[in-house]
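Below is one structure; the comments refer to it alone.
Atoms considered below: every heavy atom in the structure, side chains included; atoms not considered: hydrogens, waters and symmetry mates. Predicted model only: the values in this text are computed from it and were never measured. Just so it is clear: chains get the letters A, B, ... in the order the sequence lines come, proteins before strands, and each one is counted from 1.
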Number of protein chains: 2
Amino acid sequence: MNARQAEFHAGHRFMKPTIYMLAQKAGVSIATVSRAFNGHPRISGETKRRIFETAEAMAYSPSPTARNLANRTTETLAIVLPHITDPFFTELIRGAESVSKSRAYHLLIYTCEDMDEQNLFLQLLTTRIDGVVVAARSSTGQYVKRLARQNIPFVMLGGAIPGLHHNKVRPDNQSGAYQMTRHLIVDHHYGEIAFICGPEAQIHSGERLTGYLQALRDHGMAVRDGWVVAGEFTESSGFAGAKALLGLPRPPRAIFAGNDRMAIGAISAAAECGYAIPKDIAIVGFDDVPSSRYLRPALTTVNVNCFGQGAAAVEQLLDTLENPERPYVDLIMPAPVVLRNSCGCLERET
Amino acid sequence: MNARQAEFHAGHRFMKPTIYMLAQKAGVSIATVSRAFNGHPRISGETKRRIFETAEAMAYSPSPTARNLANRTTETLAIVLPHITDPFFTELIRGAESVSKSRAYHLLIYTCEDMDEQNLFLQLLTTRIDGVVVAARSSTGQYVKRLARQNIPFVMLGGAIPGLHHNKVRPDNQSGAYQMTRHLIVDHHYGEIAFICGPEAQIHSGERLTGYLQALRDHGMAVRDGWVVAGEFTESSGFAGAKALLGLPRPPRAIFAGNDRMAIGAISAAAECGYAIPKDIAIVGFDDVPSSRYLRPALTTVNVNCFGQGAAAVEQLLDTLENPERPYVDLIMPAPVVLRNSCGCLERET
DNA sequence: TCTTTTTGCGTAAGCGCTTACGCATAAGAT
DNA sequence: ATCTTATGCGTAAGCGCTTACGCAAAAAGA
């Protein structure tokens, strides 16, 4: 079989060299070739040298697919995100990529953007992955259950699936929003604080809103009608939201945007309406995306350590991959307030 | 063998169901199962139904790896980028993803960020891909040659490898920069125009610089010493570059940043130095990333259709994958100037 | 009714690797 | 010099699929 295969292959024109062809040329068996490429100890230096030499000469490199099949592993992870437009998610990816690379795993990125979630998860099943990191949306649960059923390890970012035990990492959204609101109330004595909320489909939105409301309540402040407006976590929705707020008969003294992108839009809107920030109106965000310090004024926001979340998620995933018996962990990342200028604090850091 | 394998598998606890197990339970041969899952015409509706039913019941889904091996294709593409922090690249990815999804391909994203290029390309060889899109940097050539040697189809984004025939798509950087400079000179009569250049390693940088210089020359304007400063295509380097420029004994009347991120940094710097934009100084960018219209003032820039580039690149790749004899194409994307406010033009679009 | 064609399915040989076994030969121990 | 043990390598059986080939039964044609 060995010889026949080698001959057969040699007969073809552009066929990629296989382990059979290499073995034949190097005058060894395919087992030896395999051992050379896998760093097996019981192989002589001389043989190894010869194999690598011939491999180089014929531009051989082992077929990853065949390897995957024989090894029953792909060394590949996937990360599922709503989209990659938001710096929040790109930072997440950077974190995830950083640790998957350091542990020699490949990372596939999937976005729901131009595909409904259901199809995405179906496609996920047709690819070779060892595990998945899923950035939760409220609708994600049902699909993730499919993964669970197929016994594909996964970790949820920012959410939990009821009735399912699994790894998760999430920022402490509620506390972050609470502290930020508290800062505006207690440290700046702003009386009227509006909130631009993110989309319902994103789990973060609700948690941040809750923190904001809780802080108002705890400090005896009423929630005025029309002071919580809906946004989409995008610049344009932040812009629109702020315009609406500023068009109110009695505009707020501060705007708390549910994320930094909306804060950026809100700042544009306020500037366009002739408001000085933070003198006339304070605007703060949430996420602390890298560019928020390059805004003028520099954005006061809540740091959720996007990079760290991505990194932690992959770390957990790889840990349970290596040790399936390992108990699931629920990692809650602290979300500290980062004071810059847009709230009225005066530090200057660039 | 069939029966033995099935029994063997059944004996294990958590082993994923294989085609053998499914075939046994459904009372057919593995060939029939395979045919059912591949939409083969010569199979009865009844049998197919039964197979899918049992598959559903035992949560079977065919192993992608085994399929890949048998089919000698992976339906997976890779895209190699310097990083994903820049919206330019995320748009590129969006474009690439959009067409690869529509043609039922998977897309792997690779960044050089925390890994030197050489390792990245080595890792690329250990994954299962049918082709690669490479966003060129000046150092990329040598590595891409390796791909060529392994007969892996690829297309270059923004650059060409000398001595190698291949597909490429690139923006018309030089013409875009030329037109933008011309706009500042001819339409606004700005006499002193500085340029913040991108890093040498990125091919775009040089081309844009060339266009800028050419326009100055064509309009009889001298290039003043110190008016071309080096940047890194990041906000912070744009900030620093602008600061340097504004600290000059005779600061420029306009700053042309080599990309939008640097323009954002430059705007911050100018604002911080008390300059009004565009009244005191005009600042323009390059790329037209989505958020540039949410800057205040809205950024005048050059549109390079990042999304379109990514899409076109994948399209070309898939085309040569489907038809290897197809001649290589060199697609040059137009790079029109987009007039907004930061140059002094007054349109208001949001 | 007797071909001929079509339909539905099974058998077995791959796809290109890994690895358990096992067998010489070389090295070490006694 | 003899008996272990270690070393280097080959044989062959998988990994979980696809598919060419072939055969029986059903459908169509005569």
Any side-chain heavy-atom pair of A:Val134 and A:Phe121 under 4.5 Å: yes

Atom pair distance, as rounded to whole Å: CD1 in A:Ile51 and C1' in D:dG8: 11 Å

Atom-to-atom span, NE2 of A:His40 to P of D:dT7 - whole angstrom: 12 Å

N/O (side chain, A:Ser44) to phosphate O (OP1/OP2, D:dC9) under 4.0 Å: yes

A:Ala31 side-chain proximity, nearest of D:dG10, C:dC15, C:dC17: D:dG10

Side chain B:Arg35 and base C:dG10 donor-acceptor under 3.5 Å: yes

Contact under 4.0 Å: A:Ser29 side-chain N or O vs D:dC9 OP1/OP2: no

Heavy-atom side-chain proximity of A:Leu125 to A:Leu147 below 4.5 angstrom: yes

Sugar-phosphate only, base, or nothing, as touched by B:Asn38 at under 4.0 Å among non-hydrogen atoms: sugar-phosphate

Nearest-angstrom distance from the residue atom CZ of B:Arg42 to P of D:dA25: 16 Å

Sugar-phosphate, base or nothing in reach of B:Leu69, heavy atoms under 4.0 Å: base

Sugar-phosphate, base or nothing in reach of A:Tyr60, heavy atoms under 4.0 Å: sugar-phosphate

C:dT18 phosphate, OP1 or OP2, under 4.0 Å from A:Arg67 side-chain N/O: yes

Sugar-phosphate only, base, or nothing, as touched by B:Thr65 at under 4.0 Å among non-hydrogen atoms: nothing

D:dC15 OP1/OP2 closer than 4.0 Å to side-chain N/O of A:Asn71: no

Sugar-phosphate, base or nothing in reach of B:Arg72, heavy atoms under 4.0 Å: sugar-phosphate

Touch class at under 4.0 angstrom, heavy-atom based, for B:Ser34 against every strand present: base

A:Thr47 side-chain proximity, nearest of D:dG16, D:dG8, C:dG16: D:dG8

A:Met21 CE to C:dG16 P, straight-line distance once rounded to whole Å: 10 Å

Euclidean distance, atom CD1 of residue A:Ile43 to atom P of C:dT19 [Å, nearest integer]: 14 Å

Any A:Tyr143 side-chain heavy atom under 4.5 Å of A:Gln118 side chain: yes

Centroid-centroid distance, A:Phe37 to A:Phe52, less than 6.0 Å: yes

Under 3.5 Å: donor-acceptor pair, side chain of A:Asn323, backbone of A:Glu325: yes

Protein-nucleotide distance (B:Ile30, atom CD1; D:dG16, atom C1'), rounded to Å: 8 Å

Expected output: side-chain B:Ser34 to main-chain B:Ile30 donor-acceptor under 3.5 Å: no

Phosphate contact (D:dG10 OP1 or OP2) by A:Thr32 side-chain N/O below 4.0 Å: yes

Earlier contact from the 5' end, DNA chain C, for B:Ala66 and B:Val33: B:Val33

Separation of D:dG16 P from B:Leu22 CG (nearest whole Å): 14 Å

B:Lys16 NZ to D:dC17 P, straight-line distance once rounded to whole Å: 11 Å

Selection from C:dG10, C:dC17, D:dC17 that lies nearest to any side-chain heavy atom of B:Ala70: D:dC17

